[in-house]
Amino acid sequence: MARLHLFTAGLVTAIGAGSAGAVDLVIDYTYDAQGFFNPGTTNGALARATLEKAAADFSAILTDSLPAVNPLPNYNSQQFSGVVVWEWAISFSNPGVNGGPTVTVTDPSIAANEYRIYAGGRSLSGSTLGVAGPGGRSWSRTPSGGFSQEEIDEFEAIEAAWLENVENRGEPEGDFASWGGVVAFDNDAGTNWNYDWQTQPSPGESDLYSVALHELAHTVGWGTADEWSDWITNGTFRGPASTAENGGWVPVDAGSGHWASGTMSTVLRDGDAQETSLDPSLTSGTRKLLTDLDVAALDDIGWDINQSFSYVTAFAPADLDLDGDVDDADFALFFAAFSGPGVPTGNPPADLDGDNDTD
């Protein structure tokens, strides 16, 4: 799995928005044993909303149509005593247990267009903020008893069609596909998170929204799939979409599944210069969005891309308490955060014009 590391301080950028796409990144919190995404806590609820926002961004960008993957019913011979039993399983590192032991789920059902992401928080080593990647998969066939040749041909045809979904979600050869993946975020005292995607990080904070975008890219094969590695020669990524976007082959960070440190591009479709989301590090106190170069690599590994998706500058709406209306309660929050000349700044939830104060 790929890792995102933390370095030093810098500036901030804008919040993203986009339209719905065909792929649905579905976040599963079953293994969040340490409660990083616990909706009953303030930080947990914010973290959950932030990861869901990042997942929605990817769902808006990726437009492939993925067939469902379901357990295959047993095949029973009508002429003899034969029975064929199929089983498939998914595997991934446990996102909520330190050390990430392998979890195996047998015969899950994955809905059409669903790309399932198991998410959690656990202690990660050093300055690592997150780890992520696609999950593993396996399948087996267990026949017993006798079958006619016609029946053998029939259940082998059934199996072949089923395996198209199990192994590559119906995607053509050379395109990345999977049932989903796993993402874990650092959950120890060494990381000072900005949990809320609706506010920019303060100095010294690691921006969860930026890390979530970065790590979810790894779950969909960016830097982690064979289709990524196949484009790398002599330390450069040579996928045609990325090469065209970059104006030449793109240097990569050796062995890490990232662009080389400091690789620049432009924020997706809006043209603002920014260090890529998928280089190895995130500067504390900053926000990084997906860039045109990051998304070009998704194209190169086989995803269909929504070319109209873009980020737009957005600040928290006047509905400051997020209850669906603008009323006296919102004014009370604004008044409590009000700051003028000489008053300390930094009240992002009430900073409606984005100038870093509430006035």
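As a basis for the values below, the full set of heavy atoms in this structure was taken, side chains included, without hydrogen atoms, waters or symmetry mates. It should be emphasised that the depicted structure is a prediction, and the values quoted were computed from it without experimental measurement.
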Indicate every side-chain donor-acceptor pair of residues 174-182 with a distance under 3.5 Å to a residue at least two apart or in another chain.
from	atom 1	to	atom 2	distance (Å)
Ser178	OG	Gly180	N	3.3
Ser178	OG	Gly180	O	3.2
Trp179	NE1	Gly136	O	2.9

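- Between the His258 side chain and the Ser256 main chain, a donor and an acceptor come within less than 3.5 Å of each other.
- Sequence neighbours left out, the pairs with a member in residues 40-78 that pass ring-ring contact (aromatic ring centres under 6.0 Å, His included) are Tyr75-Phe155.
- Qualifying salt bridge (charged side-chain N to carboxylate O under 4.0 Å, His left out) partners for Arg169, counting only residues two or more places apart in sequence or in other chains: none.
- Think of Val83 as one node in a network of Ile, Leu, Val, Met, Phe, Trp and Tyr side chains linked at under 4.5 Å; its network also takes in Val85.
- A centroid separation of less than 6.0 Å is found between the aromatic rings of Tyr118 and Tyr31.
- At a threshold of 4.0 Å, the pair Lys288-Asp279 counts as salt-bridged, since one of the basic side-chain nitrogens sits closer than that to a carboxylate oxygen.
- The closest donor-acceptor contact from the side chain of Glu215 to the backbone of Ala184 lies at 3.5 Å or more, if one exists at all.
- Here Tyr29 pairs with Phe37 under the ring pair (Phe, Tyr, Trp, His ring centres under 6.0 Å) rule; sequence neighbours left out.
- Across Val97 and Pro101, no two heavy atoms sit closer than the pair CG1-CD, 3.7 Å.
- Classified by interplanar angle (parallel below 30°, tilted 30° to 60°, perpendicular above 60°), the ring pair His218/Trp222 is perpendicular.
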Under 3.5 Å, side-chain donor or acceptor atoms of residues 139-146 against the rest of the protein: list the pairs with distances, not counting sequence neighbours.
from	atom 1	to	atom 2	distance (Å)
Trp139	NE1	Glu167	OE2	3.2
Arg141	NH1	Glu159	OE1	3.1
Arg141	NH1	Glu159	OE2	3.4

